[in-house]
Amino acid sequence: MSDTVSDFWRQKYETDARKNWDVFYKTHATNFFKDRHWLAREWPDVFAKPPEETALEDLGCGVGNTVFPLLELDAEATVYCCDFSKRAIDMVLERAATLPPRDRDRVKAFVCDATCESLLENVPAGCVDVATMVFALSAMSREKMKYCVRNLSTVMRDGQRGAICVRDYAAGDLAQERFEGKVAANQKLSENFYVRHDGTRAYYFTIEDLVALFAEEGMEMREVFIHQRTITNRADSLDMNRRWIQANFASAKICPMTFAPPERLKPTTPWGK
């Protein structure tokens with residue numbers, strides 16, 4: 001018996017990914033994640049004061065928990081940000097509307113599924129100095145991640161002048177162990193890839209896997225490591241191991257000028273026909 005869901009359910013979760021994240025943001029609004037004011041601490045070389053006006057891109061921005069800290073880090077930067085949930089982008093725009101006009105105009109938010117919709121429709125080619133992907137890649141299926149990274153490369157500065165900062169779930173994290181501890185066939189989509197009860201998905205990276213993903217698109221690894229923290233639940237005398245992967249990649253020497261999306265999946269039935 002297979003330890004993963006059937007092809008039908010795997011494809012259904014893929015097809016419904018945008019809808020499921022829309023429902024997530026309808027349920028949690030801006031209350032689920034906190035603003036990430038630790039960006040400069042974690043990537044000090046990347047976020048040192050730039051010598052001139054810069055363009056930033058937050059891919060998979062959700063409700064803007066990285067976007068607004070980026071605005072604070074660089075008072076001159078234009079921040080492009082996208083998510084495939086329209087509801088999330090609406091919340092980014094609502095929050096941006098409360099800013100002073102000068103800062104409000106620096107937020108360029110748009111709806112985009114970066115695995116299959118070109119960023120070039122909203123971001124000038126080759127303009128981005130720094131891109132952030134914070135718990136974004138893990139929401140995608142492994143086979144589609146390369147299209148997202150390739151798409152991002154079209155808007156990055158070439159000649160390895162750009163930086164891509166990634167933080168995401170690492171293999172061996174407590175949440176993954178809990179997935180495996182349950183009836184895995186109900187929630188395991190593929191190796192290191194799982195579906196939550198709300199239909200959103202989570203992939204858990206090894207260092208080798210993440211480095212290979214970016215290397216395939218000509219992006220060299222500058223830094224990569226695993227954050228590990230043990231949290232103790234004193235009431236239950238239980239140690240919980242949390243693991244995140246963090247990396248910094250250089251943009252490609254020669255970035256692609258266009259983006260070709262993958263072919264759409266053909267629908268399947270529960271009987272595999």
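No experiment lies behind these values; they were computed from the predicted model shown.
Formation of a donor-acceptor pair under 3.5 Å by the S190 side chain with backbone atoms of F193 is not found in this model. When atom types are taken as modelled, the side chain of R104 and the backbone of L99 share a donor-acceptor pair closer than 3.5 angstrom. Under the 3.5 Å distance criterion, the side-chain polar atoms of D129 are matched with a main-chain donor or acceptor of A55. A donor-acceptor distance shorter than 3.5 angstrom exists from the side chain of T27 to the backbone of V23, with no hydrogens or angles considered. Judged purely by atom type and a 3.5 angstrom limit, N151 uses its side chain to pair as donor or acceptor with the backbone of L119. The backbone N or O of H37 sits nowhere less than 3.5 Å from a side-chain atom of D35 that would complete a donor-acceptor pair. Side-chain atoms of R102 come within 3.5 Å of backbone N or O of A75 as a donor-acceptor pair. Using a distance-only test at 3.5 Å, with no hydrogens or angles considered, a donor-acceptor pair links the side chain of D22 to the main chain of R87. In terms of modelled atom types and a separation under 3.5 Å, the side chain of K86 and the main chain of D83 share no donor-acceptor contact.
Using a 4.0 Å cut-off between charged nitrogen and carboxylate oxygen, E180 and K188 count as a salt-bridge pair. Using a cutoff of 4.0 Å between basic side-chain nitrogens and carboxylate oxygens, K108 and E121 are not scored as salt-bridged. Salt-bridge formation is not detected for the pair D45/R222: no Lys NZ or Arg NE/NH1/NH2 atom is positioned less than 4.0 Å from an Asp or Glu carboxylate oxygen. A salt bridge links R201 to E14: at least one charged side-chain nitrogen sits closer than 4.0 Å to a carboxylate oxygen. Classification of R242 and D173 as a salt-bridged pair holds, one side-chain N sitting under 4.0 Å from a carboxylate O.
Judged by the 6.0 Å distance and 45° axis criteria, R167 is not positioned over the aromatic ring of W43.
Using modelled atom types, one finds a donor on one side chain and an acceptor on the other under 3.5 Å when comparing S138 with D168. No side-chain donor from either of Q228 and N241 sits under 3.5 Å from a side-chain acceptor of the other. For the residue pair S251 / D158, no side-chain donor-acceptor distance below 3.5 Å is found, with atom types taken as modelled.
F84 belongs to a hydrophobic cluster with W21, F24, Y25, F32, F33, V63, M91, counting contacts under 4.5 Å between side-chain heavy atoms of Ile, Leu, Val, Met, Phe, Trp and Tyr, direct or through other members. Taking Ile, Leu, Val, Met, Phe, Trp and Tyr as members and joining any whose side-chain heavy atoms lie under 4.5 Å apart, directly or through other members, the hydrophobic cluster of L93 also contains I89, V111.
For residues 143-178, the ring pair (Phe, Tyr, Trp, His ring centres under 6.0 Å) pairs, not counting sequence neighbours, are F135-Y169, Y169-Y204.
Here the OG1-CG distance, from T66 to L73, works out to 10.5 Å after rounding to the nearest 0.5 Å. Between the CG atom of L70 and the OG1 atom of T78 there is a distance of 12.0 Å, given to the nearest 0.5 Å.
Residue-environment remark: CD1 (I254) stays at or below the threshold of 12 foreign heavy atoms within 6.0 Å.
A perpendicular orientation is assigned to the rings of F205 and Y203, their planes being inclined by more than 60° (bins at 30° and 60°).
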